[in-house]
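What follows is a set of notes on a single structure, which appears directly below.
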Number of protein chains: 2
Amino acid sequence: MPQEKINHSNASPYLSELTLDCVILSFHEDCLKVLLLRWKGTQEWSLPGGPIRRNEAVDAAANRILKERTGLDDIFLQQFHVFGEVERYNREEIKYKLKHLIDPDKWYERAVSVGYYALVDHAKAMPTPDPFTEQCAWWDVQQIPALLFDHNRIIQVARQALRTQLSWQPIGYNLLPEKFTLPELQRLYEAILGKGLDPRNFQRKMLSLGILERLAERRRGGAFKSPYLYRFKKEEYELKLKESNLFFS
Amino acid sequence: MPQEKINHSNASPYLSELTLDCVILSFHEDCLKVLLLRWKGTQEWSLPGGPIRRNEAVDAAANRILKERTGLDDIFLQQFHVFGEVERYNREEIKYKLKHLIDPDKWYERAVSVGYYALVDHAKAMPTPDPFTEQCAWWDVQQIPALLFDHNRIIQVARQALRTQLSWQPIGYNLLPEKFTLPELQRLYEAILGKGLDPRNFQRKMLSLGILERLAERRRGGAFKSPYLYRFKKEEYELKLKESNLFFS
DNA sequence: TACCAATATGTTATTTTGACATAATAAGGG
DNA sequence: CCCTTATTATGTCAAAATAACATATTGGTA
């Protein structure tokens, strides 16, 4: 979007009625983080997202935005909800807050948004602002400020969807570095679920999934007893993602 | 849509880039049925669906379509996927098949579709065609013909989503009449899952959910041993729908 | 070398699951 | 009226999964 102001007229190469928002999550210092953007000349933050090109699949647009904001490709990205209310947020308030950036005549008349969440490796992501923002940063999900649009709600729904997914699919492949320890994995699960887990039961359950491989290596350098490193067995992991629904024999 | 031909120009009171499709399911004679429409003057069938009004929430549009096609209100309706590919189907083939009904200049340039599935009581639904179709009928999901657009695929995705949901949420409230027998419920589950279940284990599991109430009444009239009637306990059922995610203590 | 803080691990009682077979009964036909 | 028949209702047991629980180990640090 090279224009100076946002333009969603029908001549635009972007769809004018449909946008998407990405809840990009990572895990760092035992906390779940979400990537937010600060709009130019303001203290207002929002989720990454934006318009979809007319010749671009919606999933492809989500991947493009993820790539633009983090530099990452080929990441776990999951459609989780369509936000389709007519008045999703206070339009006047937004116009006021962003009046130096948007042309009211060309602002969305109404936009439906497809929500995606992505799970990325904190160390590999390179937060990068977009043309309308001047800062791109990780925020602890526990400490998110009031965001623009309906983005606080979108994050809430994403986190609930993630918790639900966690209960019947493995998670962690993209959120953790290639090699990680079981306590790290456990803290990730605890951060997502928002509650503590028993390390003995957690280990038993995770190992019984058959998707983890224990390496000979241990993590050194941290104080105290050095933990084993593990790695996901990619094939078995993918398989679990696909099966993952059997409740009745 | 009172026009003679479909018109999706921008002056239209409908969104031009976003539509929805409804996979409306019912259960009859031990089979899962899906509601399909036959287009005027053709033998071509498709899912119910259509455009969204500019001043209408997407969920509201889904409810409206459900109401228009079945007469039913206040039904379980679940967003399950956004179909956002650029070329979702062979546009030329569709234009050819429906040339007497659509104006090629005003046909969608590109439309993203939100998929919903609904579960309705077969006996209560009144299948009703829309302005472009002349027949609305239930089809056995096992015997669906080649449909217009990408609707065969949409049904496949809906059924998978339903199976997944079934594995962690109760289902049946809207699919069955108020009073039903356990074998009926079991056959519903079998139809959705596509496999047989053990009646003893099924009964144990369903009753342990605490959402069923056994009535004093039994079903009479069918030959052979008369089964007990059950009813869902609405409050507990709704509660289960909401909780329904705990895999880790 | 003693201490500390995090890691690794095992047992048991309880609950849930899956596999399996038989008795009861309402309708219909002779 | 009784017998047949198709369907429903139900119980047991072994195996697996779960939840609750405590202690020994060890790498680094002081």
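Below, all heavy atoms of this structure are taken into account, side chains as well, without hydrogens, waters or symmetry copies. Everything numeric in this text was worked out from a predicted model, so none of it was measured. Labels below follow one simple rule: chain letters A, B, ... track the order of the sequence lines, proteins then strands, and each chain is numbered from 1.
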Strictly below 4.0 Å: does [X] bring a side-chain N or O up to OP1 or OP2 of [N]?
{"X": "B:Arg214", "N": "D:dT10", "result": "yes"}
{"X": "B:Gln203", "N": "D:dA9", "result": "no"}
{"X": "B:Lys225", "N": "D:dA6", "result": "no"}
{"X": "B:Lys205", "N": "C:dT17", "result": "yes"}

Of A:Pro199 and B:Phe224, whose nearest nucleotide on DNA chain C comes first from the 5' end?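 Result: A:Pro199.
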
Ring centres under 6.0 angstrom apart ([X], [Y]):
{"X": "B:Trp39", "Y": "B:Trp45", "answer": "no"}
{"X": "A:Phe80", "Y": "A:Tyr116", "answer": "no"}
{"X": "B:His28", "Y": "B:Trp138", "answer": "no"}

Side chains of B:Gln165 and B:Tyr117: any donor to acceptor distance under 3.5 Å?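 Present: a donor and an acceptor within the cut-off.
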
Taking any heavy-atom pair under 4.0 Å as a contact, classify B:Arg219: base, sugar-phosphate, or nothing.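 Counting heavy atoms under 4.0 Å across all strands, no contact is made by B:Arg219.
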
When we call it a touch if two heavy atoms are under 4.0 Å apart, what does B:Arg204 touch: a base, just sugar-phosphate, or nothing?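 Touches a base.
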
Select from A:Arg200 and B:Glu184 the residue whose nearest nucleotide in DNA chain D is closer to the 5' end of that strand.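 Whichever sits nearer the 5' end wins; that is B:Glu184.
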
